[in-house]
**Q** 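Could you have a look at this structure, given as structure tokens, before my questions?
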Amino acid sequence: MTFFIYRKSFNEFFIQDEWQAMGLFLYYKKIGSLFTLFLPSDGIFSHFAPIGKIFFWLQYLFFNFRYDLRIFVGLITHALNSVLLFSFIYKWTKKKELAFVVSVLFVVNSIPQQAITWTDGGNGLLQATTLFLLSLHWLYDYANFGKFRFLLFTAGALFFSLFLKEDSVFLFLGIPSFYLIFKNWDFKKNQPVLLAMIIVFIVYVSIRLFFVFMNLYSFVDVIDMTTPSIFVYPLRVILTPLRMLTQSFFSELTILAGARQLAFFAYPQFITGGEPNPLISQTIIADLLMFFGAILILFISLISYFDLRKHKENILAGLILFSVVLMVESSLSYVLVAGRPGFFSILPSRYLYISSIGSSIFMSIILYVFFFHLGRNRTKFIVVGYTLVLLTILSVHYFSLQKTIQELVSVGKLRKSFLNSIHTKYKILPKRVIIYTESDKAFYGSPAEEYSLPVQTGFGQMLLVWYDSTENFPACMFEKLYLYERLGQDYKECEGRGFGYFRDKKLLLEAINRNNLSPENIIGFSYSSKTNSFRDITQSIRQEIRL
Amino acid sequence: MRKHLISFFIIFLVIFWIFRDFPKTFFQQDEWAIFGNMIYTKLMYKDILGLILPQSGLSHVVPFTRIFTRVVFDLFGLNFYPQAIVSVVVHALNSFLVYILAYLLLRKWSVSLLSAFFFATNANTHQATTWLATNIGTQGCASFLLLSLIWFVVYLRKNEIIYMWLSAFSWLLSLGFKENSFFLLLLLPLYYVIAKKNNYSNLLRDFLPFGIIFVFYFATRLFIAFSAPPPPGATAAYTQPGLTTLIYRMIFLPFKSYVQVLMPITSLLQMSSWLIYYAYPQFLDNAKNPNPYLVESVSVDIVMFLLTVLFIITVYISIVDQKIKNKSVFDAFLFCILYIPLSVVLLTLVGGKAGYASLIEPRNLYYPAIGMSILLSLFLERIFTKLKTTVGFLVSFIIISLFIVYLVFVNVGSIQQDVKILVSRSSMRRNILTEIYSRYSTLPTKVIFFIPSDTAYYGLATTTLPFQSGLGQTLLVWYHLSGQRFPVCFFDYHKDFLYEIESQEYKECEGRGFGYFRSYSQLLSVLRDNKLSPEAVISFRWVDKNKQLIDETAEVRKNLLKDL
């Protein structure tokens, strides 16, 4: 089922951060210090995911530019996670049908699609989730059989998952609370679990602090890593779970459309030219809407919880509680996000991957409770109603996923065609080369005059990585993420090679004059957003330079 | 009985102490329009119908407010002091009625007294007492609303229909002061069902008095709506939003009313600013100040929404055990929980731009404050009882005392701060009027006041004197009530002559002329057009720095002679 749903994503292409990662691998490999790459990046709240990086490195080594193979790995992991979820729910409830519904909802859930469709976004996260699901199994076994080795496995899974991606950091709080749910709030028996978590926490923090104090880091992150005021964090501890709860059930587009409507009927003062100010409607108004949603979800879960308890369905009640706690606590991992992204109201889709486990469980049970009450022991009615609503939900997610994947495929094909077009025409580059591209449009919120190709990272750096297998550029070309900035354009010479990329003709001419380059060093292409064509204009640009 | 008398005196003493500086203030804004309107009705109509009927079909129908306003106007005129004292006395009486209602619901003297204190000291609602333009309607409505509730609770205890009639009649009287009490029509049946343990078989029979009163009231309103003229002024102010907006407001506005009536508005706005500061730094300006439009709209809505959720959960947890242990306490809790949001539901129908405001007008919080005062004291009593058994008397006593002290002192401090500001503004305004009148106590038959200022106030772009309504109309009323009689045409309610804060105009009718200007060029052209001599002009100049009014009549007349 996983492969069927995501079948079209095999045609996608690298989106964004993969180019940075590949550039860094090349750099550290060329300077003979590949180990450095596995150190944390600079800053106390920076990423440190050495196992995740090893994973990526292996993929790069074996798959190179084969995006389809990376997608394959992602899909395998997602499918594995779904199976683990199925077996966990079955282990807990002994209800095969429920476990099946939960895992199907998890597989089809379109909300966290980025974790699967974007290999760099999902890399590490998918595998960390596998370890998280394994830790749940072992924790449940520990709660039931009391054997110490299960607790050890749980702690170990948590420890290793943190080095795959820090998204599982919430489990320091999550594991003791899940254990309490498994053990029906027996606080006394929770002490060994708490102790295990404290030990893992101390070891993990010590490792991180060791790198900080030893000033060992791989590179300065290009993303904004500034830490906000200390008062921001308590506020985020309240707001982020509320955002997460609503976003676990409603897609980004639905929330933004709702926020737009809310602006129209509640805050007309922010409407100009017939449209709400997007800076307001997509942030603070969207938040208000999400807070309404979150309180409604919490209210529904409370009512369902007590209703299930009343009907002696204690296991299902426990599952409801587990799902809400999981959604709420999984958001806490993102409270520490540094820089501007930490203030975003809409969480990136991949952040919702773990919480989508909770939302799948929640939806399955709430639907059951709803139809159970509506049907009043009419089994046929319950089964038919439940199935119909479930199929509707699954269809919505399925079609939404297909639409997203289709968009990614068409963008990916276009980007790949840029690289292929240049590489096919110019298999071997001059020792000193500048690649110039012109465009007729600004993309991704750039200022209107900044025309560029529709790519999300610097096209110059993409070319460097793409050509490296045949050109074998010196390490200096990958130093300090040269040309990685999305609108970056520059020319540089080092170790006998010269490489540059420009979008602006004026800057191109300045670089040619400054570096005494001949027209033969220039390769030019032109992109038309209207016809989606990418033409070779090398001859005409060389002619223009000569004049 | 003795303890009730003691409570009565304590409440009065506390309120008179809190509002002790209030009589030192002065009329603020709409009072001048009301005075003008009273003069108009007095000169135009000799019968009571002319006074009590609304001047438009769709505006408020508040006959008792109109009658009492007229009585106060005839008795005291421009004498502020007795009017202020009456306002404080009525607020004290209302607080005592809150005490009686709480006592009837809970049968606990201390909790009832605490409820009365919370009501008396609520900073958000002091406008109902300190703004004389609205106090008669707001306080009068609250008095009879409370009486209606009291009789209703007595009815539930004694089951004698006379009390239901008294309740219904009090309700009608409260509606005659202001329509805000309309919600009782929904609240009382709901509370009836709760109190009667879901036995509502006799509901229709028992509510017959209310039914009859309602039919009478509704028929009267319908008759007036179809027979009176359309509303004056801009129709935008009466425009109703779409159905979606109304539904949204009907859910959200009552919901957030809990916190809005509980916490001082300044505290809510402060928290709203912090929210922008720490969660939405993109809305800070270069000086790190949050965008004020967001602070007073979406942001404060988020703050109120989250605090309301927290408040309801906390109160519910504190009281839920009473569902079984003490049903009357739990019923009182349900009564308050229903009363607060229902008391503001009608505000969702506020038309025009005002309907989109996130914060409810302070004077309209006077009604939910009744329910909140009882709920809050009930909540504190529950916490006190719970802590007493677990943590110990001393600790619980200290915590509760600190909480009460905080709530009361923050509110009392806020009221006194606001009154202090009013006192300083009022003395300035009173001095200006007295100064003008003392210098020119007799006016020519045709007179124009020319009073420019060097400062702009209240966010206006033009420079005016520190008055919140048009100085021309204020002077007109001030002189009229001081003996300089002007004909009725100057006070026509539908034309609002010189009432707008920036207005400047000259008008002649029935042999008299009156005008007010701040612009010299406009003054000149009016003098030319109406062939008036410079002798008709009385001129002053306002210097904000020294808070000084300088008489420039002679100099201006000389200049006018030259320029004409």
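The figures here come from the full heavy-atom set of this structure, side chains too, leaving out hydrogens, waters and symmetry mates. Letters A, B, ... are given to chains in the order of the sequence lines, protein chains preceding strands, and every chain is numbered from 1.
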**Q** Tell me, do B:Tyr293 and A:Phe270 make a side-chain contact under 4.5 Å, heavy atoms counted?
**A**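 Yes, at least one pair of side-chain atoms sits under 4.5 Å.
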**Q** Atom OG1 of A:Thr283 and atom CG of B:Leu294: how far apart are they, to the nearest 0.5 Å?
**A**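 With rounding to 0.5 Å, OG1 (A:Thr283) is 7.5 Å from CG (B:Leu294).
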**Q** Below 4.5 Å, heavy atoms only, C-beta onward: do A:Phe343 and B:Tyr280 meet side chain to side chain?
**A**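 A:Phe343 vs B:Tyr280: side chains apart.
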**Q** As an exercise, state the distance from CD1 of A:Ile238 to CG of B:Leu310, rounded to the nearest 0.5 Å.
**A**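 Answer rounded to 0.5 Å: 8.5 Å.
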**Q** Does A:Ile230 CD1 have over 12 foreign heavy atoms under 6.0 Å away?
**A**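 At most 12 heavy atoms, drawn from other residues, nucleotides or ligands, come within 6.0 Å of this atom.
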**Q** Is there a side-chain contact between A:Ile284 and B:Phe283 (heavy atoms, below 4.5 Å)?
**A**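 A side-chain contact exists here, since the closest heavy-atom pair is under 4.5 Å.
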**Q** Pick from B:Ile276, B:Leu246, B:Thr244: which one has the most heavy-atom pairs with chain A under 4.5 Å?
**A**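 Winner by heavy-atom pair count: B:Thr244.
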**Q** I'd like to verify something: which residue of B:Ala279, B:Ser299, B:Gly242, B:Ser358 has the highest number of heavy-atom pairs under 4.5 Å with chain A?
**A**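 So the answer, after comparing B:Ala279, B:Ser299, B:Gly242, B:Ser358, is B:Ala279.
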**Q** Do the non-hydrogen side-chain atoms of A:Phe264 and B:Thr245 ever get within less than 4.5 Å of each other?
**A**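 Contact flag for A:Phe264/B:Thr245 side chains = no.
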**Q** Would a 4.5 Å heavy-atom cut-off, applied to side chains only, mark B:Pro241 and A:Phe265 as touching?
**A**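 Not in contact.
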**Q** Are the side chains of B:Tyr277 and A:Ser229 in touch, meaning some heavy atoms are under 4.5 Å apart?
**A**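 No, every pair of side-chain atoms sits at 4.5 Å or beyond.
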**Q** For A:Ile295, which atoms come within 4.5 Å of any heavy atom of chain B: side chain, backbone, both, or neither?
**A**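 Just its side chain gets close to chain B.
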**Q** Within the 4.5 Å heavy-atom criterion, are B:Tyr278 and A:Pro234 side-chain neighbours or not?
**A**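 With C-beta onward as the side chain, the pair stays apart.
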**Q** Is chain B contacted by the side chain of A:Ile280, its backbone, both, or neither, given a heavy-atom distance below 4.5 Å?
**A**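 For A:Ile280, the contact with chain B is made by backbone and side chain together.
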**Q** Between A:Leu235 and B:Trp274, is the side chain to side chain contact (heavy atoms under 4.5 Å, CB included) condition met? List the steps.
**A** CA-CA 10 Å; A:Leu235 190 64; B:Trp274 286 336; over 6 Å; no
**Q** Taking all atoms of both residues into account, what is the closest heavy-atom pair of A:Pro268 and B:Tyr356, and its distance?
**A**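 Reported closest heavy-atom pair: CD-CD2, 3.3 Å.
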**Q** Between A:Leu239 and B:Leu275, is the side chain to side chain contact (heavy atoms under 4.5 Å, CB included) condition met? List the steps.
**A** CA-CA 10 Å; A:Leu239 302 187; B:Leu275 179 69; 4.1 Å; yes
**Q** Is any side-chain heavy atom of B:Val309 closer than 4.5 Å to one of A:Phe291?
**A**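 A:Phe291 does not reach B:Val309 side chain to side chain.
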**Q** Of the backbone (N, CA, C, O) and the side chain (C-beta and beyond), which part of A:Ile285 lies under 4.5 Å from a heavy atom of chain B, both, or neither?
**A**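 The answer is both parts of A:Ile285.
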